[in-house]
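Data first, discussion second: the structure below is written as structure tokens.
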Amino acid sequence: MDGNGRWATRRGLPRAAGHAAGAEAVRPIVTRCAQLGLDALTLYSFSTENWARAADEIDALMSLYVQYLVSERPLFLENNVRLVQIGRRDGLPPAVLDELDRSVEMTASHTGLTLNLAINYGSRAEITDAVRGLCQDAADGRIDPGAVDESAIADRLYTAGQPDPDLLIRTAGEMRLSNYLLWQISYAELYVADVCWPDFGPGELDAAFEAFRRRRRKFGAVAEDSGPVCPDRV
Ligand code: IPE
Ligand code: MG
């Protein structure tokens with residue numbers, strides 16, 4: 001969800017106003033994904049690298065999480081959305097963790113959309129933690145190192161048990177992965193929207209899905225039909 005800062009700066013507003021507008025933009029997207037029957041939506045909202053920002057911006061973001069997690073509970077309840085946090089807990093303020101835990105617990109039995117909220121998330125940290133856990137289990141004799149396969153690693157990630165993403169959407173025109181779900185997106189289709197996140201609405205989401213529908217996914221194999229490759233980019 002990139003571009004909150006630019007959205008605000010272009011309007012002569014403080015960056016925090018961009019984050020508030022960005023939080024507002026989440027509701028229609030979650031609603032649309034839930035109504036379409038998607039398995040999962042993962043929102044990259046705060047990375048392990050975002051701690052490098054100014055303290056007042058971080059404080060504004062943390063206050064927004066507390067507000068958002070409380071204000072969006074009816075949305076999660078009405079739409080059968082299950083909330084999951086992906087990311088490290090260490091470093092997050094207790095008020096954020098409390099509201100996060102409350103929302104996760106309240107929605108744990110929901111069977112619709114899984115909403116993975118990436119807070120304090122970094123893909124390299126996630127993979128490092130997974131590898132460390134596997135090494136510890138091997139050192140303690142709980143697993144045979146020779147038996148470590150791809151699924152053993154996937155099962156140690158925050159997204160254990162969830163399908164890999166089919167589509168990765170990045171807003172604000174940036175062509176970077178920014179340490180996001182590096183293991184999980186191996187075969188995801190990439191889609192870059194030029195609009196900043198606060199302007200990314202259901203219409204933009206539908207355009208991304210439409211582009212996705214036109215992609216031919218080969219997963220390393222050879223495509224069966226001879227149609228044009230990625231016609232949305234020609
Ligand atoms: C995304 O918007 C929100 C967070 C990373 C928390 P940015 O804050 O990165 O917005 P830009 O990139 O400065 O426009
Ligand atoms: Mg940014």
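Each ligand, and each atom within it, is numbered from 1 in the order the structure gives. In what follows, every heavy atom counts, from backbone to side chain, and hydrogens, waters and symmetry copies are set aside.
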Legend entry - Nearest neighbour in protein (non-hydrogen) for atom 10 (O) of ligand 1: G5 N, 2.9 Å
Inset, instruction - Check if G3 has a non-hydrogen atom at a distance under 4.0 Å from any atom of ligand 1. - result: yes
Legend entry - For atom 2 (O) of ligand 1, the protein heavy atom that lies nearest, with its residue and separation: N4 N, 3.2 Å
Inset, instruction - Flag R6 as yes when one of its N or O atoms lies below 3.5 Å from any N or O atom of ligand 1, and as no otherwise. - result: yes
Legend entry - Any donor-acceptor N or O pair under 3.5 Å, side chains E49, N179: yes
Inset, instruction - Ignoring hydrogens, just give me the one of H19, M1, R53, R15 whose non-hydrogen atom is nearest atom 9 (O) of ligand 1. - result: R53
Legend entry - Heteroatom proximity flag, N50 to ligand 1, N/O under 3.5 Å: no
Inset, instruction - State, to 0.1 Å, how close F212 and D166 come at their nearest heavy-atom pair, and which atoms those are. - result: CE1-O, 3.4 Å
Inset, instruction - Give yes or no for whether the N/O distance cutoff of 3.5 Å, strictly under, is met between L61 and ligand 1. - result: no
Legend entry - E189 and its salt bridge (charged side-chain N to carboxylate O under 4.0 Å, His left out) partner, picked from R215, R216, K218: R215
Legend entry - Among the N, O or S atoms of D2, the one nearest the Mg ion (ligand 2): OD1
Inset, instruction - Decide yes or no for N116 and L43: does some side-chain heavy atom of the first lie under 4.5 Å from some side-chain heavy atom of the second? - result: no
Inset, instruction - Name the closest protein heavy atom to atom 6 (C) of ligand 1, giving the residue it belongs to and the distance to 0.1 Å. - result: S45 O, 3.2 Å
Inset, instruction - Could you tell me if the ring centre of Y121 sits under 6.0 Å from that of Y44? - result: yes
Legend entry - Cluster overlap L83 with L38, hydrophobic side-chain contacts below 4.5 Å: yes
Legend entry - Distance-only N or O hit between ligand 1 and W7, under 3.5 Å: no
Inset, instruction - Find out if a path of hydrophobic residues (ILVMFWY) with successive side-chain heavy-atom gaps under 4.5 Å connects M1 to W51. - result: yes
